[in-house]
Amino acid sequence: MKLTSAQFKKDFLSEIETLYSTALADTSNIEQYIALGHLVRRYNSQSWTRTAKRYRDHQQKQVYYFSIEFLPGRLLAMNLLSLNLLSTFKRGLSELGLDFETISQAEPDPALGNGGLGRLAACYMDAMASLRIAGNGNGIRYRYGLFKQIFMNGYQVELPDDWLRTGNVWETRRDNKSCVVRFGGNTWLKKQPDGHLQAHYEHTEDVLAVPYDIGVVGYHNDITNTLRLWSAELPPSVTKTYYSQEQRDRVSDITKVLYPDDSNTAGQQLRLRQENFFSSAGVQSIVRDFCENNDDLQQLGKKIAIHINDTHPTLVIPEMMRLLLDEHDCSWDVAWTLTMQVMSYTNHTILQEALETWPIEMFKTLLPRIYQIVTEIDRRYRRQELPIFGQKIVDQTAPLGNGQVRMAYLAVIGSHSVNGVAPLHTKLLKTDVLRDLYQVYPERFNNKTNGITMRRWVQLANEPLSGLIDTTIGKGWRRNPNRLQELIPYQQDDHFLHQLLEVKQQNKWALAAYVQKNMGIKLRTDAIYDVQIKRLHAYKRQLLHVFEILREYFKIKDHPEQAVVPRVHVFGAKAAPSYHYAKSIIKLMNAVADMVNQDPVIGDKLKVVFIPNYGVSLAELIIPAADVSEQISTASKEASGTSNMKLMANGALSLATHDGANIDIIHVAGAENEYPFGLTAAEVYHYYEHGNYHAADFYHADPELKRILDSLIDGTIPEVETVGREIFDSLIQYNDEFFVLADYASYTQQQRQISHDFQDQPTWQQRALVNIATAGYFSADSAVARYAEDIWQVPHDQLT
Ligand code: 26Q
């Protein structure tokens, strides 16, 4: 869009006047941010209206991406980038004596997700809009997002994330699109005069689902799609009658807070209520919309696609059946054919404990009609497949079994497509996690390797790098990240490599300034920035990284006179509040950081910074500054990983196991440009099969490793008496579930290699360049284009 900075300033000042009736000088950063938000909305409002109209006029097939989490990040700068207004706003504000960055940071970062799954959903929303796909998000408007993390005495403490306190400029409440979701009560079927069975309900608990829509702006293309987040309220008709506080709370509790676990824990009824709430509201609104624009239900599969992001929205399947059967008088067979045509499912996990199941008793009580339908799906599945596959396979794959509703099985049975998120992950779905269902429906399984939006993760987060790329190969890469490959010839260009190094230095300065200001730790910017940022999980093995720090620490203590290549270890990680072991590791990490950082013998040779409250905004600061990307999960445990891709695109070299998308990064950039190490998935499975892993053998065989482990329990590290023992025992007594000790030697060897290689900066920058140049392979646009072609069957813009 075209806008002069003079016009912008005029509009901005008038917005400030309208909102606050005061002079600009009297407004706070948050007020200035809100005024800018209003302005962006005003500039973009016609695009949003036009997009909806265009889709309707062309009867374009709609994609609905159902996800219980969305992690969009701050939207002001992102929307301005997409509208091509970023530089105009920056210039205009600076002419008014204001700093865009400062104002921008006043925006609350909506933490409506735990990690990779929620962020992937947000990257895909951005990609769909940019590819002109009629893509809609469907999720929950949590009143409180993921907890804010602080450290007290090195322990994680959780504070509520009151992100809506100052309002949300990006959302529009749409009361006229509300719908009612039923819970509990009794249900029965009554025969109609025409022979049809009609569902009846009594004593249900009715909840009003109110949608809040957020515009998702496509990149320079006049498209604005919609992310719809649902909020639970009391239905208006009953607010007049008396409702106890407890009953009111039961309703508002549904969308009060995001569950802070990223792997399954004991089935909580409230979680199931959340899942049914947004699944039911979303499907109701889709079918209502469809019927307003179509009169032939048979067209449903041609006009809409519903994507199930992990099992959390699986109830869209029985909910769609319920609407077609009960409200639209379809026969079972017609309803089932339509439902299957519409639904597709992505699995994001390998860990058995993260596969969602619900106790039948709870499920039946909370969702009686949905349960009836699931029972019928189960009965027909068994009847159809029993003669072909036999009792054992059918028992092991049916939606109902062992007293549980098995959500992943229901999702596979009700969808025409099931995909994993990296080639290894998809292979493991077929051979392990879902192997029996793969026997039944081999044609449904396919791979869709994850992707990230380069617009946020390079263009916005790393402006110095983006500018350098522009002046080197032009701006074509901004539309088509595959064109980053045009950088490859510059491997031989010393001037370019030097500029690449300067860009990295500049980004390190920015991170160092944040750390100095917020943590009081001074970092040098010529050190190796060694970064591990992700949820705290035993399988992600932050512990292995801590062992490397201890190894370096002891080496410097033993030989203070020896030269070392300085390093800064950067961590960001939240632990689920109920995950005791993960919280113990956080305490250990902070204790090691304090010990190292305060030791005068160590000085600035080695620093450890565990930055609290990791999230999207901190990722944008940390990733551009990284030299080394730690992706060190036990092989076979990380479905894909996506921060590995973000770090690669910003020129970090991966220190990585043969797991998830690491394998593909190593393949695409070339092993010579990364640091692969450790067991393969096959070797891990071999250990499982033969039961011949003995962690203690590694401990006794390697004196260096023994010293590190002993330091957890012998008083070397201050203040870890309890957690040190717990962690030591997990490795030696309980035989190291995630093979930390098995991978220790190859890991530290690569770390030594990194210290060696980093001293040759021209070669290091060459390799960084190859990572940047090949990262286009992991663009969300390419990933979403493949979903569009293979699964949703919707048209999309070609990348040029
Ligand atoms: C389920 C039931 C009850 C409570 C919580 C949950 C729950 C919530 C979130 C289960 C799982 C999650 C999130 C999983 C997740 O983020 N998985 C990651 O998905 C990424 C995108 O595909 C992958 O890159 C990561 O490898 C995978 O760990």
Side-chain angles (χ1 to χ4, degrees), residues 65 67-71 111-124 139-140 142 145-146 257-276 307-315 345-359 362 404-408 411 419-426 428-429 433 447-453 533-541 573-574 576-579 631-647 656-657 659-665 778 780 783-784 787:
Y65 198 90
S67 179
I68 204 165
E69 306 191 349
F70 284 93
L71 267 178
L112 310 185
N114 276 282
L117 170 116
R119 181 56 230 175
L120 187 79
C123 281
Y124 283 3
I140 295 178
Y142 299 104
L146 185 64
V257 60
L258 168 77
Y259 270 88
D261 298 67
D262 64 346
S263 56
N264 209 347
T265 49
Q268 305 264 338
Q269 205 211 45
L270 182 59
R271 172 75 178 192
L272 184 55
R273 289 162 75 85
Q274 289 185 336
E275 295 186 359
N276 185 61
H307 201 81
I308 302 172
N309 194 33
D310 217 290
T311 51
H312 322 133
T314 298
L315 296 179
Y345 157 58
T346 299
N347 173 290
H348 294 267
T349 191
I350 311 177
L351 298 184
Q352 207 57 44
E353 64 267 31
L355 279 187
E356 246 191 324
T357 61
W358 294 105
M362 181 202 292
Q404 306 279 310
V405 182
R406 303 186 289 205
M407 301 290 268
N419 74 280
V421 291
L424 172 65
H425 174 229
T426 301
L428 292 170
L429 288 183
V433 188
N447 178 251
K448 291 287 168 286
T449 303
N450 281 168
I452 57 166
T453 173
I533 42 175
K534 49 189 79 258
R535 286 298 285 252
L536 203 307
H537 241 290
Y539 84 81
K540 294 178 190 279
R541 298 198 298 191
K574 288 180 178 178
S578 63
Y579 191 172
Q631 307 299 339
I632 59 178
S633 54
T634 310
S636 81
K637 301 301 177 204
E638 190 70 272
S640 161
T642 43
S643 73
N644 48 0
M645 302 168 184
K646 295 162 196 166
L647 285 152
T657 49
D659 201 16
N662 300 346
I663 295 172
D664 308 278
I665 289 176
F778 299 102
V784 164
Y787 276 91

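Ligands are counted one by one from 1 in listed order, and the atoms in each one are counted from 1 as well. We count residues from 1, following the sequence as given.
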- prompt: What part of Tyr539, side chain, backbone, both or neither, has a heavy atom within less than 4.0 angstrom of ligand 1?
  reply: side chain
message: Please enumerate all residues that pass ring pair (Phe, Tyr, Trp, His ring centres under 6.0 Å) together with His312, with sequence neighbours excluded.
response: none
- prompt: At a 4.0 Å threshold, what atoms of ligand 1 neighbour a non-hydrogen atom of Asp261?
  reply: 5 (C), 6 (C), 7 (C), 8 (C), 9 (C)
- prompt: Does an N or O from Asn450, backbone or side chain, lie closer than 3.5 Å to an N or O of ligand 1?
  reply: yes
task: Would you check whether Glu275 has a nitrogen or oxygen atom less than 3.5 angstrom from a nitrogen or oxygen atom of ligand 1?
output: no
- request: Might you work through the side chain to side chain contact (heavy atoms under 4.5 Å, CB included) test for Leu355 and Asn347, ending with a clear yes or no?
  value: CA-CA 9 Å; Leu355 279 187; Asn347 173 290; 4.2 Å; yes
Short N or O distance, Ser640 and ligand 1, threshold 3.5 Å exclusive: yes
task: Check whether any side-chain N or O of Arg406 sits under 3.5 Å from a backbone N or O of Thr357 as a donor-acceptor pair, and report yes or no.
output: no
field: Ring center gap for His307 and Tyr787 short of 6.0 angstrom
entry: yes
- request: Using a 4.0 Å heavy-atom threshold (strictly under), name the region of Ile68 that reaches ligand 1: side chain, backbone, both or neither.
  value: neither
message: Is a donor from one side chain sitting under 3.5 angstrom from an acceptor on the other, for Lys540 and Gln631?
response: no
field: side-chain hydrogen bond (donor to acceptor under 3.5 Å, both in side chains) partner of His348, chosen from Asp310, Asn309, Asp262
entry: Asn309
message: Less than 4.0 Å is my threshold; does some heavy atom of Arg119 fall inside it relative to ligand 1?
response: no
message: Test your reading of the structure: does Gly641 have an N or O sitting under 3.5 Å from an N or O of ligand 1?
response: yes
field: Donor-acceptor side-chain pairing of Asn419 and Thr346 below 3.5 angstrom
entry: yes
query: Without hydrogens or angle criteria, can the side chains of Ser633 and Asp659 be said to hold a donor-acceptor pair below 3.5 Å?
result: yes
Test log, rule side chain to side chain contact (heavy atoms under 4.5 Å, CB included), inputs Tyr259 and Leu270: CA-CA 10 Å; Tyr259 270 88; Leu270 182 59; 3.3 Å; yes
message: Please list, in number order, the atoms of ligand 1 under 4.0 Å from a heavy atom of Ala639.
response: 26 (O)
- prompt: Which atoms of ligand 1 sit under 4.0 Å from any heavy atom of Glu69?
  reply: 8 (C), 9 (C)
message: Once you restrict to heavy atoms under 4.0 Å, what part of Arg271 touches ligand 1? Side chain, backbone, both or neither.
response: side chain
query: Between the candidates Asp310, Thr349, Leu117, Val421, which shows the shortest non-hydrogen contact distance to atom 18 (C) of ligand 1?
result: Leu117
task: Look only at interatomic distance and state if Asn114 has a nitrogen or oxygen under 3.5 Å from any nitrogen or oxygen of ligand 1.
output: no
